[in-house]
Amino acid sequence: MSLHELTDEQRAIRDLARRFADEVVAPQAPEWDREHRFPRELFGRLGELGLMGVCVPAEHGGAGADYLAYVLVLEELSRADAGVGVTVAVHTGAGTLPILAHGSREQAERLVSPLARGDELAAFALTEAEAGSDAAALRTAVREGRVTGAKQWITNGSHADVVVVFARDEDDRIGAHIVRRGAPGFAAVREEDKLGLNSSSTADLAFEATPAEPLGEPGAGMRIALSTLDGGRIGIAAQATGIAQAALDLASGYARERRAFGRPIGGFQAIQHRLADMQTEIEAARALTWRAARLKAAGRPHTVEGAQAKLFASAVARRQTGEAIQVLGGYGYTKEFPAERYYRDAKVTEIYEGTSEIQRLVIARALLGEAAGDGL
Ligand SMILES: Cc1cc2nc3c(=O)[nH]c(=O)nc-3n(C[C@H](O)[C@H](O)[C@H](O)COP(=O)(O)OP(=O)(O)OC[C@H]3O[C@@H](n4cnc5c(N)ncnc54)[C@H](O)[C@@H]3O)c2cc1C
């Protein structure tokens with residue numbers, strides 16, 4: 001099968017997501033951005049379409065499709081609203097899949113179906129005020145099944161029903177734990193005010209002797225976190241590709257309509273070259289993303305390929321959303337067009353689920369082996 005061929009199932013799921021993104025998400029995205037509104041009701045509708053658990057097996061309430069189908073959905077949703085894209089990406093890739101991969105059979109049966117159906121939302125709580133890239137420096141503690149500490153910038157934090165929380169035990173081992181919304185001592189204490197992604201929730205979480213159930217073995221926390229992020233990064237690459245595609249669609253449509261010096265600006269070579277470079281880079285980002293997704297779907301190693309996809313696609317999104325503003329000129333700088341929203345939303349793809357510097361570290365370590373040391 002060629003790199004660009006999709007199966008009938010993948011194409012059908014992408015088309016379903018595309019239609020929903022165009023008809024339901026995109027028209028409301030400017031308002032959600034302006035009002036910083038998290039559209040909770042939307043995720044129930046996405047759940048009814050099977051889009052909150054695309055790659056979750058049908059026996060656990062998901063659509064039972066593969067990882068590529070899932071990232072196709074993320075690209076389509078992010079093209080319409082990158083905040084919606086990250087909500088679904090974290091819910092599925094970082095919140096639901098680690099429960100399936102590392103939880104007991106009983107945990108998977110109890111917890112996953114409501115998540116895959118979109119009745120409940122999931123979050124992934126690793127980062128702390130002094131533990132970001134250096135996640136293993138986390139200080140949140142777990143003692144006798146109770147978690148105490150604070151997490152920062154947690155996507156879906158204010159709305160999640162199930163939170164995967166990483167904490168350190170009395171033997172200094174980091175483990176993964178599950179905390180449910182409403183558990184005693186657990187609260188979302190603050191919503192972050194961000195540059196973009198205004199329709200997503202990014203919250204600080206507090207835990208005070210909060211009952212938690214272990215996910216996986218004691219001490220397996222970093223392994224669970226890192227393998228979750230290996231897959232999650234492919235989703236962020238898809239998100240970045242979707243944002244960049246939205247910017248290209250806008251800029252190329254504008255170049256056909258806007259006239260200067262008696263002709264469409266698309267007649268100027270400077271504009272043509274810009275659009276040609278945008279399209280080429282976006283295709284390359286998509287190809288890297290699909291390659292990594294296919295490897296993951298096949299159960300093959302994908303750490304480096306996922307890091308490469310995210311590193312490249314996020315830079316494309318950052319750069320090309322700026323180029324789209326340039327094509328629109330002054331209008332690109334106003335809120336009349338979504339170019340400025342794409343530009344604000346794109347930047348974070350170079351930061352979360354591992355900064356671009358950390359992606360380079362991952363790639364270089366695999367390239368150089370022991371000679372790379374720990375890269376620090
Ligand atoms: C909108 C948003 C949503 C988020 N959602 C979540 C979430 O759901 N769950 C969660 O756990 N976290 C989440 N995060 C946190 C995110 O993953 C971290 O911000 C990210 O990992 C970087 O950590 P930091 O911000 O502490 O930066 P730092 O680690 O302090 O890094 C600062 C700078 O130093 C560089 N740097 C650090 N270490 C190295 C090194 N070894 N080599 C070279 N350069 C280095 C970084 O690349 C960066 O440029 C979110 C963040 C944002 C902004």
Side-chain angles (χ1 to χ4, degrees), residues 33 36 38 74 78 81-98 121-140 147 149-160 162-167 174 176-179 188 190-207 215 221-222 224-233 235-236 239-240 243 307 310-311 314-315 317-318 341 344-365 368 372-376:
D33 174 54
H36 293 227
F38 180 81
L74 293 183
S78 301
D81 185 318
V84 169
V86 75
T87 300
V88 176
V90 170
H91 164 78
T92 309
T96 309
L97 294 187
L121 268 184
F124 172 89
L126 180 63
T127 303
E128 300 179 2
E130 291 179 46
S133 304
D134 186 8
L138 65 83
R139 288 205 225 140
T140 293
V147 172
K151 296 288 180 180
Q152 181 166 293
W153 303 331
I154 305 308
T155 300
N156 299 342
S158 295
H159 304 272
V162 173
V163 186
V164 178
V165 184
F166 296 86
I174 294 174
H177 303 269
I178 293 170
V179 168
R190 192 178 75 96
E191 261 297 326
E192 194 62 60
D193 195 7
K194 309 184 288 287
L195 175 65
L197 285 192
N198 291 338
S199 65
S200 73
S201 161
T202 312
D204 291 354
L205 306 182
F207 304 89
L215 176 68
M222 286 313 292
I224 294 173
L226 295 178
S227 67
T228 300
L229 292 172
D230 277 351
R233 282 168 186 161
I236 302 305
Q239 182 198 28
I243 301 170
K310 181 179 183 286
L311 175 65
S314 60
R318 190 239 316 131
R341 170 163 58 88
R344 286 184 286 111
D345 288 352
K347 179 59 203 172
V348 76
T349 63
E350 293 188 309
I351 296 171
Y352 56 25
E353 302 219 12
T355 63
S356 294
E357 290 75 14
I358 295 301
Q359 308 309 323
R360 289 190 172 94
L361 205 96
V362 168
I363 297 162
R365 273 182 193 162
L368 300 174
D374 61 4
L376 302 175

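Remember, it's 1-based here, ligands and their atoms both numbered in the order they're listed. The figures here come from the full heavy-atom set of this structure, side chains too, leaving out hydrogens, waters and symmetry mates.
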Using distance alone, with no hydrogens and no angle criterion, decide if Glu128 and Thr140 have a side-chain donor and acceptor under 3.5 Å apart.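 Side chains of Glu128 and Thr140: pair found under 3.5 Å.
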What are the two closest non-hydrogen atoms of [X] and [Y], and how far apart are they?
X: Ala188; Y: Gly157; answer: CB-O, 3.9 Å
X: Ile154; Y: Leu126; answer: CD1-N, 4.1 Å
X: Gly85; Y: Ser78; answer: CA-OG, 3.5 Å
X: Ser200; Y: Gly83; answer: CB-O, 3.7 Å

Out of [options], who gets a non-hydrogen atom closest to [atom]?
atom: atom 22 (C) of ligand 1; options: Thr355, Val165, Thr155, Ile236; value: Thr355
atom: atom 15 (C) of ligand 1; options: Asp134, Thr127, Thr228, Leu126; value: Thr127
atom: atom 19 (O) of ligand 1; options: Tyr352, Trp153, Phe166; value: Trp153
atom: atom 37 (C) of ligand 1; options: Ser133, Ser356, Ala137; value: Ser133

For ligand 1, is any non-hydrogen atom under 4.0 Å from Lys194's backbone (N, CA, C, O), its side chain (CB onward), both, or neither?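 Side chain only.
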With heavy-atom distances below 4.0 Å as the criterion, list the atoms of ligand 1 near Ile154. 7 (C), 8 (O), 9 (N), 10 (C), 11 (O)
For Glu353, atoms of ligand 1 separated by under 4.0 Å from a heavy atom: 17 (O)
Within a reach of under 6.0 Å around CZ of Arg190, are more than 12 heavy atoms found that belong to other residues, nucleotides or ligands? yes
Counting distance only, does the side-chain N/O of Arg233 pair as donor-acceptor with the main-chain N or O of Glu353 below 3.5 Å?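 Side chain of Arg233 to backbone of Glu353: a pair is present.
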Close N or O approach (Ala131, ligand 1; < 3.5 Å): no
For the 3.5 Å polar cut-off, considering only N or O atoms, please tell me whether Thr202 and ligand 1 meet it. no
